[in-house]
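Predicted model only: the values in this text are computed from it and were never measured. Just so you know, ligand 1 is whichever comes first in the structure, and atom 1 is the first atom listed for that ligand.
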Amino acid sequence: AAMTSGAARERLDMNAYRERLEARLGKSREMMRVVLNKAKSNPKRVALAEGEDEKMIRAAYQMQEEGIAEPILVGKTTTILRKAEELGLDFDPTIANPRDGEWDHYVDRLYELRQRKGVTKSEAEELVRRDSNYFASVMVEVGDADAMLTGLTHHYPSALRPPLQIIGTAADANYAAGVYMMTFKNRVVFCADTTVNLDPDEEILAEITKHTADLARQFNVEPRAALLSYSNFGSVTNEGTRKPRDAAALLQDDPDVDFPVDGEMQADTALVEDILEGTYDFAELDEPANLLVFPNLEAGNIGYKLLQRLGGAEAIGPMLVGMDKPVHVLQRGDEVKDIVNLAATAVVDAQEE
Ligand code: ACO
């Protein structure tokens with residue numbers, strides 16, 4: 001009997017687990033459905049810099065089949081076609097091969113943009129022909145593609161540098177930042193910056209907060225931002241706690257900011273209604289924050305990974321905000337579904353250009 005009840009309990013646990021999982025996936029599916037449907041309403045051209053990568057080819061197939069985007073695979077034509085066939089994918093992909101001769105205008109453009117940054121004409125030629133991250137960046141910069149995805153086969157900084165140099169930040173931005181959308185059973189939180197700025201000052205923190213708020217609205221989420229720290233509203237005062245506090249003040253004084261924002265505060269203050277309402281009822285946030293702005297890259301990168309692995313959140317990202325055109329740098333090891341999801345967010349972003 002003991003065995004039976006043990007097994008029954010395990011089954012119950014499994015069922016409860018499955019229900020929690022379903023509920024959580026339900027929320028993230030719901031969030032992604034909004035984006036996928038928007039993308040399908042007006043699919044845009046997305047340059048996939050790592051076009052010879054099998055996951056990219058599978059993702060391109062799915063984007064094209066489902067009408068989410070018009071993928072452009074950057075790479076050697078014969079290699080891409082051979083791999084597509086080996087994968088059993090029956091499609092006629094759009095391919096841009098940097099090594100075949102038609103790209104002199106890309107070389108000219110890259111040279112024009114980088115000649116005063118130490119790049120010679122022959123180096124420009126080399127970058128366009130041999131480095132698909134530069135090729136895809138120029139492709140987007142000249143308007144032959146609307147968005148770009150890369151990062152699967154590169155270290156994050158080396159994949160990020162070409163788009164920063166060639167595409168650059170938007171007119172209203174000075175800094176790019178990487179944002180993850182984390183979905184839990186009953187809530188969604190956006191985490192920033194998780195991938196780019198090592199030690200942002202208060203102005204950069206404020207800028208990142210505004211870009212992340214814009215991104216949240218693309219997912220139909222009304223932002224409520226918390227500038228995080230290890231102190232609550234002056235409970236510890238030093239250089240570390242000053243930055244998020246000053247960033248919150250800058251945002252509160254900014255006439256363009258039309259969402260509630262406060263800080264500095266600890267992560268539990270930001271997320272637990274009882275703490276906000278009880279101890280800190282003067283805070284600008286009446287409800288828990290859904291936009292968490294971390295004080296530096298260590299905190300942001302470690303924080304979102306803990307939420308993902310221990311908190312069981314579904315993570316969508318990193319979505320690069322603040323860029324002049326939609327660019328997303330994936331993480332090594334990301335799956336086809338991650339690529340397709342990020343392509344969809346890039347398309348939605350491109351629709352608003
Ligand atoms: N926002 C926008 N543009 C930037 C930024 C920024 N935050 N930082 C640098 N740039 C621009 C520069 O202005 C420069 O442009 P220019 O050449 O036209 O003047 C260009 O990018 C290159 O800048 P550098 O100073 O040469 O490049 P740097 O070596 O500083 O690299 C980088 C910039 C790659 C963003 C760097 O800060 C970095 O490595 N950040 C951390 C990345 C990282 O390791 N993330 C964590 C792991 S990733 C993960 O978990 C997914």
Side-chain angles (χ1 to χ4, degrees), residues 49-50 55 109-120 123-124 127-128 131 133-134 136-138 140-142 148-182 190-212 214-215 243 247 292-310 313-335 337-339 341-342 345-346 349:
E50 296 152 313
K55 282 184 194 164
R109 184 62 184 145
L110 192 147
Y111 180 56
E112 194 180 353
L113 289 167
R114 303 301 295 173
Q115 59 193 192
R116 287 175 187 277
K117 297 277 181 179
V119 176
T120 64
E123 282 166 349
L127 290 174
V128 166
D131 187 329
N133 283 323
Y134 278 98
S137 297
V138 177
V140 171
E141 205 274 335
V142 302
M148 162 179 174
L149 251 57
T150 183
L152 268 193
T153 61
H154 296 81
H155 285 298
Y156 192 84
S158 56
L160 178 58
R161 213 170 272 115
L164 288 181
Q165 292 176 342
I166 304 295
I167 298 169
T169 50
D172 65 345
N174 294 304
Y175 295 90
V179 180
Y180 268 93
M181 180 176 83
M182 316 293 293
F190 291 81
C191 296
D193 171 12
T194 60
T195 62
V196 182
N197 300 278
L198 302 178
D199 190 18
D201 64 18
E202 58 272 22
E203 302 215 331
I204 303 177
L205 285 175
E207 191 187 315
I208 292 170
T209 308
K210 289 201 272 182
H211 298 322
T212 309
D214 291 340
L215 179 74
K243 270 195 321 176
L292 303 179
V293 182
F294 291 85
N296 58 33
L297 192 57
E298 281 100 326
N301 192 273
I302 294 167
Y304 98 82
K305 284 180 194 258
L306 291 176
L307 287 177
Q308 182 180 20
R309 300 295 174 174
L310 287 177
E314 179 91 349
I316 294 172
M319 295 175 269
L320 212 51
V321 295
M323 297 293 288
D324 197 34
K325 302 279 177 66
V327 178
H328 295 315
V329 180
L330 296 144
Q331 299 209 58
R332 282 160 172 255
D334 274 353
E335 296 304 326
K337 103 174 151 29
D338 303 313
I339 303 170
N341 283 346
L342 275 188
T345 66
D349 208 354

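Atom 19 (O) of ligand 1 has its closest protein heavy atom at K117 NZ, 2.8 Å. Of all protein heavy atoms, the one closest to atom 44 (O) of ligand 1 is P157 CG, 3.7 Å. If you check which protein heavy atom lies closest to atom 2 (C) of ligand 1, you get A176 N, 3.4 Å. Looking only at heavy atoms of the protein, atom 42 (C) of ligand 1 is closest to T195 O, 3.3 Å.
Across every non-hydrogen atom of D201 and I204, the tightest pair is OD1-N, 2.9 Å. Of all heavy-atom pairs spanning D334 and L152, the tightest one is O-CD2, 3.7 Å. Across all non-hydrogen atoms, the minimal contact from G151 to V329 is CA-CG1, 4.1 Å.
With H211 contributing its side chain and V321 its backbone, the two residues share no donor-acceptor pair below 3.5 Å.
For ligand 1, the atoms sitting less than 4.0 Å from at least one non-hydrogen atom of L198 are 41 (C), numbered in the order shown with element in parentheses. Set against the non-hydrogen atoms of Q331, the atoms of ligand 1 under 4.0 Å away are 49 (C), 50 (O), 51 (C). The ligand atoms of ligand 1 that sit less than 4.0 angstrom from a heavy atom of T169 are 2 (C).
Separating the OH atom in Y134 from the CG atom in L110 is a distance of 7.5 Å, to the nearest 0.5 Å. In this structure, T345 OG1 and M319 CE are separated by 6.0 Å, a value rounded to the nearest 0.5 Å. Atom CD of residue E207 and atom OG1 of residue T209 lie 9.5 Å apart, to the nearest 0.5 angstrom. Between atom OG of residue S158 and atom CG of residue N133 there is a gap of 7.5 Å, rounded to the nearest 0.5 Å. Atom CG of L297 sits about 7.5 Å away from atom CG of N197, to the nearest 0.5 Å. Rounded to the nearest 0.5 angstrom, E123 CD and D131 CG are separated by 12.5 Å.
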For R109 and E141, what are the C-alpha separation, side-chain angles and deciding distance, and is it a salt bridge (charged side-chain N to carboxylate O under 4.0 Å, His left out)?
CA-CA 9 Å; R109 184 62 184 145; E141 205 274 335; 2.7 Å; yes

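Evaluated by nearest non-hydrogen atom to atom 40 (N) of ligand 1, the leading choice among L164, I208, V196, D193 is V196.
Closer than 4.0 Å to atom 4 (C) of ligand 1 lies at least one heavy atom of the protein. Within a 4.0 Å radius of atom 36 (C) of ligand 1, the protein has no heavy atom. In this structure, atom 29 (O) of ligand 1 has a protein heavy-atom contact shorter than 4.0 Å. There is a protein heavy atom closer than 4.0 angstrom to atom 16 (P) of ligand 1. Within 4.0 Å of atom 25 (O) of ligand 1, not a single protein heavy atom is present.
Using a 4.0 Å cut-off between heavy atoms, V329 makes no contact with ligand 1 at all. Heavy atoms of L160 found under 4.0 angstrom from ligand 1 belong exclusively to the side chain. Under 4.0 Å from ligand 1, the heavy atoms of N301 that appear belong solely to its side chain. Only the side chain of Y156 comes within contact range of ligand 1, with a heavy atom under 4.0 Å; no backbone atom does. Only side-chain heavy atoms of N197 come within less than 4.0 Å of ligand 1; its backbone N, CA, C and O stay farther off. Of all the heavy atoms of R114, the ones lying under 4.0 Å from any atom of ligand 1 belong exclusively to the side chain.
Within 6.0 Å of atom OH in Y156, more than 12 heavy atoms from other residues, nucleotides or ligands are found, so the atom counts as buried in its surroundings.
In terms of polar-atom proximity, P318 is not counted as a contact of ligand 1, lacking any N or O under 3.5 Å from an N or O of the ligand. Where the criterion is an N or O separation shorter than 3.5 Å, residue side chain and backbone included, R161 meets it with respect to ligand 1. In terms of polar-atom proximity, defined here as any N/O pair under 3.5 Å, Y180 makes no such contact with ligand 1. Distances between N or O atoms of Q165 and those of ligand 1 include no value under 3.5 Å.
A heavy-atom distance below 4.5 Å is found between the side chains of K243 and D199.
Of the residues listed (E50, R332, R161), the one engaging H154 in a side-chain hydrogen bond (donor to acceptor under 3.5 Å, both in side chains) is E50, and it is the only one.
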